[in-house]
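Hydrogens, waters and symmetry mates play no part in the numbers below; they use all other heavy atoms, side chains included.
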Amino acid sequence: MALKNKTIISLCTALFIAVTAMAGNGINSPYSRFGLGILADQSLAVNRQMGGLGYALQDMRYINLANPASIAQVDTLTMLFEAGFSLQNGNFSEGGKKVNAHNANFDYIAMEFRLRRGLGMSIGFLPYSNVGYTFSNRSTYTGDINASGTNSYAGTGGVYQPYVAMGWQPTKKVSVGFMASYIYGDISHTVASIFDDANIRSTSRYYGVDISNYKLDFGVQYNQPLKKGHALTIGAVYSLGHDLNAKARIIEQTILSGTAESSDTMSLNNSFKLPHTIGIGAVYSIRNNWKFGIDYTLQKWSDSNFFGNETGKGLDRSKVSVGAEYSPNRLYGNIFKTMSYRVGAHYAQPYTEVNGKKGCEEYGVSAGFSIPIINKHNNRSHLHIAGQFVHFNPKSSGMISEKYLRVSIGITFNENWFSKMKVE
């Protein structure tokens, strides 16, 4: 009992550290200025290795939050604990100019355990979206005035979702589940046009929103065994869309000789919404050695206009993910035979406009592997390493092209939490 109490204290401490670490989101993208920022899907290490695939994945060795129905597959005697972080190099190019940026981020923390036969539970902390950028440019104005100045843009913040989820397997082939999340966070953007001549009035505009609401996800999976160890699993998810009742505001100031001369504040209601989301996927498995899958997601962002359309109107977003896994031998053999190898790819449409134009399409490829951590207690814990290349490809001239090379690292502890220990 003392060991379990120490484990619980350690997990709670890790959760607190994760929440604190996620306050700095480790992102640097000008496109996070629009909408709610850069979206972070509910994918953990294994999903990322397979291009975000997850709606129909079932595996008691790992946590899969893409579909809460998969939580029902948790092993009878174990408790899973997983944490992940990432390192990335971003390349930004436009008009022949290129800039690089390096970032590191603590991504998520999650745990999963069995409540009773066929009933599993998971709790954890995930990001929903991230905002982070700073850039500027020079402009020359002619007409009523002839002057030069600097346009500066900066944004910080993000939206986060601590969650609790449950999965239930009422029959051998069917699993259902739900996830309830508390959505919270704050986002701020600042746009300033400052003239070199302090005697000319400059302007500064601040955009801010505070979010505090809920998010509900529902999922189902159906597994159909086929001949000779083959099986087909189909999964579907639905996320409830609703008004976030967010407190949004725009503050505009005029500045003369470095002093704010006037200030106007505008409040916005019902401009930030969670989208209705529908997802469906399928995975074909062969003797637990091979898995091939595909997911499709539709998010209805067109009901959102964010900061009164000034930072990007919402667009309905489709995403397709494909992935494959090869596990030579999960139990026996040398280290290379007990590892799992995965590849994947994804394509996603933009969910916001950028300066009145359709935003960037997103392309990505990924590959990775999971290494069993073998010690005298167990060989079921795993270290996950994934490499990802992501390209935000603009379709309009004058927009920035972003390319990211990202390394994601996750670790899953799989411990005998509910078995009785024998003292000799």
Side-chain angles (χ1 to χ4, degrees), residues 43-78 80 112 114 116-120 166-177 218-238 278-297 319-346 365-372 379-380 382 384 386 412 414:
S43 61
L44 304 192
V46 171
N47 309 99
R48 296 180 184 189
Q49 294 174 345
M50 304 174 72
L53 188 78
Y55 294 150
L57 279 181
Q58 292 185 341
D59 198 319
M60 65 178 61
R61 298 176 299 168
Y62 315 121
I63 302 174
N64 174 27
L65 300 177
N67 189 337
S70 67
I71 297 171
Q73 304 301 317
V74 63
D75 186 58
T76 303
L77 298 176
T78 62
L80 299 175
E112 183 175 293
R114 174 184 178 268
R116 53 174 296 177
R117 184 179 180 87
L119 182 65
M166 298 183 70
W168 177 47
Q169 189 176 29
T171 71
K172 189 174 181 179
K173 295 182 179 181
V174 178
S175 300
V176 295
F218 305 92
V220 60
Q221 289 182 331
Y222 176 80
N223 181 63
Q224 178 59 58
L226 304 174
K227 295 180 179 180
K228 298 181 180 180
H230 293 221
L232 176 65
T233 305
I234 298 174
V237 298
Y238 170 71
I278 300 172
I280 187 168
V283 168
Y284 189 87
S285 58
I286 304 174
R287 299 184 185 89
N288 282 327
N289 299 119
W290 290 94
K291 291 181 180 179
F292 306 91
I294 183 170
D295 282 354
Y296 172 76
T297 309
K319 180 181 179 182
V320 178
S321 299
V322 294
E325 174 187 292
Y326 174 54
S327 299
N329 192 317
R330 298 187 177 190
L331 299 176
Y332 307 104
N334 60 43
I335 185 68
F336 298 104
K337 288 186 177 180
T338 57
M339 290 169 58
S340 293
Y341 306 87
R342 303 180 182 90
V343 295
H346 74 271
V365 293
S366 59
F369 50 88
S370 296
I371 308 171
N379 64 347
R380 297 174 303 169
H382 287 82
H384 315 287
T412 301
N414 190 331

* Working for side chain to side chain contact (heavy atoms under 4.5 Å, CB included), residues H382 and N414 -> CA-CA 8 Å; H382 287 82; N414 190 331; over 6 Å; no

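Side-chain contact between L44 and L65: present, with at least one pair of heavy atoms (C-beta onward) separated by less than 4.5 Å. Under the 4.5 Å side-chain criterion, counting only non-hydrogen atoms from C-beta, P372 is in contact with I335. Considering only heavy atoms from C-beta on, R342 comes within 4.5 Å of S370 through its side chain.
Atoms CD and CG, from Q221 and L57 in turn, are 8.0 Å apart once rounded to the nearest 0.5 Å. Expressed to the nearest 0.5 Å, how far CG of N329 lies from OG1 of T338 amounts to 8.0 Å. Considering CD of Q169 and OG of S175, their distance stands at 4.0 Å, rounded to 0.5 Å.
Qualifying side chain to side chain contact (heavy atoms under 4.5 Å, CB included) partners for Y238, counting only residues two or more places apart in sequence or in other chains: F218, L240, H276, I278. Applying the side chain to side chain donor-acceptor pair (under 3.5 Å) test to T233 and every residue at least two apart in sequence or in another chain returns N223. Remark: Y326 engages no residue in a side chain to side chain donor-acceptor pair (under 3.5 Å) (not counting sequence neighbours). In this structure N47 satisfies the side chain to side chain donor-acceptor pair (under 3.5 Å) test together with N64, sequence neighbours excluded. Applying the ring-ring contact (aromatic ring centres under 6.0 Å, His included) criterion to H384, with sequence neighbours excluded, gives Y62. Checked against side chain to side chain contact (heavy atoms under 4.5 Å, CB included), A345 has the following partners two or more places apart in sequence or in another chain: V322, V365. Applying the side chain to side chain donor-acceptor pair (under 3.5 Å) test to Y284 and every residue at least two apart in sequence or in another chain returns H230. Residues that satisfy the side chain to side chain contact (heavy atoms under 4.5 Å, CB included) test with M60, not counting sequence neighbours, are D75. Judged as a side chain to side chain contact (heavy atoms under 4.5 Å, CB included), and not counting sequence neighbours, the contacts of Y222 are K173, V174, Q224. Every residue meeting the ring-ring contact (aromatic ring centres under 6.0 Å, His included) condition with F292, not counting sequence neighbours, appears here in chain and number order: W290.
Of all heavy-atom pairs between A56 and G235, the closest is CB-N, 3.7 Å. The two atoms that bring R114 and R117 nearest to each other are NH2-N, 2.8 Å, heavy atoms only. In terms of heavy-atom proximity, L232 sits nearest to A282 at CD1-CB, 4.5 Å. A72 and G118 get closest at one heavy-atom pair: CB-O, 4.1 Å.
Within the structure, salt bridge (Lys or Arg N to Asp or Glu O under 4.0 Å) contacts touching residues 49-71 (residues at least two apart or in different chains) are D59-R61, D59-K291, D59-R330, R61-E325.
A donor-acceptor contact shorter than 3.5 Å is absent between the side chain of Q49 and the backbone of G344. Panel note: side chain S321, backbone G51; a donor-acceptor pair is recorded below 3.5 Å. In this structure, the side chain of N289 engages the main chain of P328 through a donor-acceptor pair within 3.5 Å.
Looking only at atom types and distance, the side chain of Y55 has a donor-acceptor partner in the side chain of T297 under 3.5 Å away.
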